[in-house]
Amino acid sequence: MAVLPILQFEDKIAETVAENPVVVIIGETGSGKSTQLSQILHRRGYTRSGTIAVTQPRRVAAVTVARRVAFELGSRLGEEVGYAIRFEDRTSDKTCIKYLTDGCLLRESLSNPELNQYSVIILDEAHERSLNTDILLGLMKRLINRRSSNLKVLITSATLDGVKVSRFFSGCPVLNVPGILFPVEKLYSTERPTNYVECCLKTALDVHVREPPGDVLIFMTGQDDIDKMVFKLEEKIQNLEEGSCMDAIVFPLHGSLPPELQAISSNLIIIRVFSPAPPNCRRFIVATNIAETSLTVDGIVYVIDSGFVKQRQYNPSTGMYSLDIVQISRVQADQRAGRAGRTRPGKCYRLYPRTVYDEEFLDATIPEIQRSSLAGSVLYLKSLSLSDIDILKFDFLDPPSRESLEDALRQLYLIDAIDENGQITEIGKAMAELPLEPSLARTLIEANELGCLSQALTVTSMLSAEVAIRPTHSKNKEKKRKQSFYKLPDGSGWGDHIQLLQVYESWDRADYDPNWCTDNDLQVRSMMFSKDVRKQLSQIVQKMGKGSLDVESGMRQKQSDKDYKKLRRALCRGYGNQLAERMLLHNGYHTLGYRSQLVQVHPSSVLEADEDGQLPDYVVYHELINTSRPFMRNVCAVEISWVQPISKKLEKMNIDKLSGGSGASENNEIIENKTINSPMQAVDASGTPGSVDSKIQAARERYLARKAKR
DNA sequence: GAGCACTGC
């Protein structure tokens, strides 16, 4: 194996780190930064005064890199080198290099805000701008001022965004470490295709017929398009004249491969996708952006880039999520192209003109912090109770909009996490201890008061694991699906939360048999995950727990509480920021919030109407999602008397007080000025119905209209 | 009467 480029810079790196508290390392793919930086600093003695922490945005990365480094140092995993991810801590007293997810480091800083056990903190893959890494960047800036004598912070990034990060850390040095990527030739289309699936197909066939051997990676937006593409490509290849070109196999690659295929397809992917193709056979891998960073497929020589990605975004002014097809950024486009140059020189077919890349694409993807609801993050920051930190003044690399921060404060106030002056409450502090989104954390705390903690643990775990009751993957098994659907409990008409509880209880009665999940079309993976979450939550709430926490005790609870009244009441408290009232004359709802929205119960809900065909007067919802229309997903019936205290709170809510009173106007300017530099990307917020292509077309037209206005 | 990209505590 060739010497990793980064090792040639060892002296330079050590020297720079010795002289500066913060250093930015720009290391391209293949530079070895993730495995070598920690070892270099270990060699230079930084582990004598503390541990070296290396954060990763993904769990697998934390595990595999730790394993690799342990191997290189000839030590056993969990001793000198260890890792910590949720549910799994493989470190010991001996551990001096610790890989962990960014979320884990955030959790650690909750109990130890100065992170004193660490002599070095490396934030790896910072360019991906995960929500947690962005918050860590802000915390690190504060920390180095307080621990300047004994803390070193390294921030690694793959793109040339180093200047920005350096500026954020008052002009800290930036080191560039080259990677070992082969050149990739970029070929642009002369115009935007009107039908991007067809265009991908045509390009793929062209490559297959004309280009020498080498595998092809095709980036598309979602499962539907991928399935369509796989089908059409296989068909076309079969119709090619025998012997006119080499054989081919086509694979789909996305995050939610059907559960019944998962077992086989993990073999498929590992053995067939991740090993070289048989001789004289070309592999086509049709993937979502999962293949951009999370999964690396070796042997790719050709990349076909549609130029689009599906992105989830949060709109703070409506409290609604939407899943939109948006243009990728230049960073993303280059990342995709780079996938063609890992083993030898490659080619990237960009299905958009050069001018689109140059003029329309954003430099970088909008960071997650500007696309998410910030209630959880704001609660986290408030719970650190750092007297020197004001949320609205918190120093973010890219600040979220003031609107988004205010939305978070309103939400937190409505669920009692902060008081009317924006100060964190005792309830809020308890909520922050729980690895749950704020509404679910609040539900658990209220359930504890009401004596239905066991049931609430189950519901929050199921929601937290995003267990889907009726997966849509079994198209060719229509009969079986219907049968099994009727076997599952239905929430007794009260709604989806209750159904989730009942489903988990059924699984408990089946002794947590994985086959029970498969028989009922439930993803084994997500059910197992919810079991892990439940266990973890149980351990945390044990301290405050009143009564038994096991699943059976929740079932006994039901004997005395047939209507799930206590649980639904706890949910009503927890979702005080996510309530809706039915309209008088029909079954539509309007949300009870800062800005009321007209919404409907999602058709997948098990919520039942009464004899007159009327849905409950009041419901709580887990999420608002704007697809073809605005829908409430995961709904539960509540009673008016429980809603009233929350309505009163809503009436007297005052955002000026919540955001810190008089000081707010001053902060206002700071945040708003910064926000102007990072506008939201063009999004499809109107929920235009129709095919993906028509959505893309519509998004493009809106973009051009806006451009013309300017 | 709908349909979901990807992560993570």
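Predicted model, so just to flag it, every value in this text is computed and none were measured.
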- Message: Does A/Ser130 reach a base, just sugar-phosphate, or nothing at all? Heavy atoms under 4.0 Å.
- Response: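 If one applies the 4.0 Å heavy-atom cut-off, A/Ser130 turns out to touch nothing in the nucleic acid.
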- Query: What is the nucleic acid contact for A/Ile85, judged by heavy atoms within less than 4.0 Å: base, sugar-phosphate only, or nothing?
  - Reply: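 Result for A/Ile85 = sugar-phosphate.
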Compare the minimum distances between each of [options] and the side chain of [X], then state the nucleotide with the smallest one.
{"X": "A/Ile290", "options": "B/dC9, B/dT7, B/dA2", "result": "B/dT7"}
{"X": "A/Arg58", "options": "B/dT7, B/dG1, B/dC9", "result": "B/dT7"}
{"X": "A/Leu323", "options": "B/dA2, B/dA5, B/dG8", "result": "B/dA5"}
{"X": "A/His602", "options": "B/dG8, B/dC9, B/dA2", "result": "B/dA2"}
{"X": "A/Glu466", "options": "B/dC9, B/dT7, B/dG1", "result": "B/dT7"}
{"X": "A/Gln223", "options": "B/dA2, B/dT7, B/dA5", "result": "B/dA5"}

Can you tell me the distance, in whole Å, between the [atom1] atom of [X] and the [atom2] atom of [N]?
{"X": "A/Asp102", "N": "B/dC6", "atom1": "CG", "atom2": "C1'", "result": "14 Å"}
{"X": "A/Leu105", "N": "B/dC9", "atom1": "CG", "atom2": "P", "result": "12 Å"}
{"X": "A/Arg336", "N": "B/dC6", "atom1": "CZ", "atom2": "C1'", "result": "12 Å"}
{"X": "A/Leu131", "N": "B/dC9", "atom1": "CG", "atom2": "C1'", "result": "11 Å"}
{"X": "A/Arg525", "N": "B/dC6", "atom1": "CZ", "atom2": "P", "result": "10 Å"}
{"X": "A/Ile469", "N": "B/dA2", "atom1": "CD1", "atom2": "P", "result": "21 Å"}
{"X": "A/Leu106", "N": "B/dG8", "atom1": "CG", "atom2": "P", "result": "14 Å"}

Do [X] and [Y] meet the criterion of a side-chain donor-acceptor pair at a distance under 3.5 Å?
{"X": "A/Asn132", "Y": "A/Ser130", "result": "no"}
{"X": "A/Gln117", "Y": "A/Asn112", "result": "yes"}
{"X": "A/Tyr504", "Y": "A/Ser461", "result": "no"}
{"X": "A/Tyr380", "Y": "A/Ser109", "result": "yes"}

- Item | Residue whose nearest DNA chain B nucleotide is more 5′ - A/Gly222 or A/Glu437 | A/Gly222
Hey, is the side chain of [X] poking within less than 4.0 Å of OP1 or OP2 on [N], counting only N and O atoms?
{"X": "A/Ser464", "N": "B/dC9", "answer": "no"}
{"X": "A/Ser294", "N": "B/dC6", "answer": "no"}
{"X": "A/Gln600", "N": "B/dG1", "answer": "no"}
{"X": "A/Arg312", "N": "B/dT7", "answer": "no"}

- Measure the spacing between CZ of A/Arg534 and CE of A/Met462 and express it to the nearest 0.5 Å.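 A/Arg534 CZ to A/Met462 CE: 11.0 Å, rounded to 0.5 Å.
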